[in-house]
Visitor: 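The structure's right below; bear with me while I get my questions together.
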Amino acid sequence: MEALLQVRDLHVQYNLEKAGHVSALRGVDFEMTAGQSVGVLGESGCGKSTLATTIPGLLPAGASITRGSVRLRERELVGLEEMELRSIRGAEVELIHQEPALALNPVLRIGAQIADIVRAHMPGDRGSAIRQTQEMLQRVGLPGERFFRAYPHQLSGGQRQRVVIAQALVCRPQLVLADEPTSSLDSTTQSEILSLLQTLRQEMRVSLLLISHDPAVLATLCDRVLVMYAGKIVEQGPLSEVYRRPRHPYTQALLSLVASRQSGNGNVRLPAIPGHPPNLSQLPSGCSFEPRCAERLGACAVREPEEVEEGERRVRCFKYGG
Amino acid sequence: MAADGAQVCVGVEPLLRVERLSKSYVHRHPLLLRQHPVTALNGVDLVVGHGCFLALVGESGSGKSTLARCLACLERPWSGSVWFHGKDLVKLGEAELRRTRPKIQLIFQDAATALNPRFSALDLVEEPLRIQHYGSARARRQKALEAMAQVGLPPDCAQRFPHQFSGGQRQRLAIARALVQEPELLVLDEALSGLDLSLQAQIMNILFELRQQHALTYLYISHDLGLVRQVADEVAVMDGGRVVERASAAELFRSPQQPVTQALVRAVPEIAGIRPVAGSW
């Protein structure tokens, strides 16, 4: 299979006035092939949203890529001019945000917003843009004139997220990055949106990079999983294998939380990972998970483990050689 | 158990009894003069047992948050009663309400908007005590620091401001601010929804400890049935402004009766074939 996206040794730094340099990504390395669905799993502050904004070149002011490369079908995206990035965003890579209300223009009708994107990226006249918009709205389950002419505030949260998905897919991009697309929704709406994403992904043959803090959300949609901690991928591999036999102590701990939740033993002390993720402006010298790790070894506090590869799986931990 | 809102927490005195509570909001069209009422609560019956961990679940718009606001006396219901210590909160005057409010504390989902950004952590936790003219300045400060310690906030963060805390720490701060008023009932409205799984577990463990130390009762409002199944004694399900089903957490998941409950239970994402890793965690 041809590589669709190759991310190599990616480093991103935020330069903040008070906190100084914050290393949000510290050597992220992965690839995905066309048609694949890859999940990014991690707690808040691990760099997963930074990864999602770096790929389409949407880092905020004050943040910069200090090293590494992002290639989309052999084309290097790091260092591209804003004009070139603009033609790629929307047409080839799309980002779906967590909060659909903020991703939509409140004073434009839904149909007009989506048709604008079609006209910017696709050939054809206004009539064809409108036809494509109507067709896309139908596919996400918002058929008819009523939704086409609606304003964002007239829709529920789930419907707004459907609009954002329609917006992302209408130009048939190769890659869609979805950053916690369902966290602001209630659980029944969440499962509807996830199954919609799954259907559209297969029908339209889009690759999906899905970001979530909830292992269960990724399990419904993804073939592969990347587990991030403090700006690094600490474990990656086929999702079913990683979930069944997690190797990194952090992955093991995260999945144990989910397993205990599913067994529902009721009203006893819950397993929790002690402590909190490290401050990214003052990282420890050794493995960044070491202070919270139940299986730490002597080497862990001294230096960072290297990535160990075994078949399709990779893990960064001294337990496996590191 | 069916829709009668009867008690399942057996042998427990009721702390709070809600009877036929109704509340509508008037929706005014911004330009036209048309007004039409939106019914948020449509005759809610609910008994909260003393010391129980009762979860209230339902889809968005089912009336959960309106009920929470009515119980915390932040909102006046249109009809019905809320019995608490022999008094109907719906009929209380403003002075009596002010004495009752500390006993029923509401914790919101987004602590960032619930905490005054210009107050330091210590000021925030002390503020309710100042308003209630509790003790001396020194005693207030002492009590506030104790509450902070109970939720796992060390004294050295007393002078920090809300924006300098992480999401989980801000929620702890909100809990400390409620705790300092010695509440009997904590109403948590999606209080852990925005947090990571591990933080949810950490804070839930603190809530368990506080319950033992202070004989607290919890009404935990959420749409996350995964966590509810793990922590609640009982679950009440709301739909269309009423409580439509109530059962013990185990029973509710084993045989959900109402269609809305079945949909909620089905929507809990599950991962097949994972199990806790033996020993280490």
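Side chains are part of it too, since the values below use all heavy atoms of this structure and drop only hydrogens, waters and symmetry mates. Owing to the predicted nature of the structure, the values given are computational and were not obtained by experimental measurement. The sequence lines fix the lettering, A, B, ..., with proteins before strands; numbering per chain opens at 1.
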Visitor: Has Glu310(A) got more than 12 heavy atoms of other residues, nucleotides or ligands less than 6.0 Å from its CD?
Guide: no
Visitor: Any heavy-atom pair between the side chains of Gln230(B) and Ser260(A) that's under 4.5 Å?
Guide: yes
Visitor: Any ion pair linking Arg261(A) and Asp224(B) (charged N to carboxylate O, less than 4.0 Å)?
Guide: yes
Visitor: Side-chain contact test, heavy atoms from C-beta onward, threshold under 4.5 Å: evaluate it for Pro269(B) versus Leu194(A) and give yes or no.
Guide: no
Visitor: Does Asp186(A) use its side chain to pair, donor to acceptor, with the backbone of Ser60(B) at less than 3.5 Å?
Guide: yes
Visitor: Take a 6.0 Å sphere around CD of Gln212(B) and say whether it holds more than 12 heavy atoms from other residues, nucleotides or ligands.
Guide: no
Visitor: Contact part of Ser44(A) toward chain B, heavy-atom cut-off under 4.5 Å: side chain, backbone, both or neither?
Guide: both
Visitor: When rounded to the nearest 0.5 angstrom, what is the spacing between NE2 in His223(B) and CG in Leu185(A)?
Guide: 8.0 Å
Visitor: If we only count heavy atoms from C-beta on, is the Ser198(B) to Glu43(A) side-chain gap below 4.5 Å?
Guide: yes
Visitor: Looking at Glu209(B), I'd like to know if its CD atom is crowded, meaning that more than 12 non-hydrogen atoms belonging to other residues, nucleotides or ligands lie closer than 6.0 Å.
Guide: yes
Visitor: Please classify the contact of Ala249(B) with chain A as side chain, backbone, both or neither, using a heavy-atom distance under 4.5 Å.
Guide: neither
Visitor: Measuring only between side-chain heavy atoms, which start at C-beta, is Ser187(A) closer than 4.5 Å to Val268(B)?
Guide: no
Visitor: Using modelled atom types only, decide if a donor and an acceptor are shared between the side chain of Gln202(B) and the backbone of Ile273(A) within a distance under 3.5 Å.
Guide: yes
Visitor: Is Gln262(A) reaching over with its side chain to a backbone N or O of Ile271(B), donor-acceptor style, under 3.5 angstrom?
Guide: yes
Visitor: What part of Ala216(A) gets within 4.5 angstrom of chain B, counting heavy atoms only: side chain, backbone, both, or neither?
Guide: both
Visitor: Tell me, side chain or backbone of Gln169(B) under 4.5 Å from chain A's heavy atoms, or both, or neither?
Guide: neither
Visitor: To the closest 0.5 Å, what do you measure between CD (Glu59(B)) and OG1 (Thr188(A))?
Guide: 3.5 Å
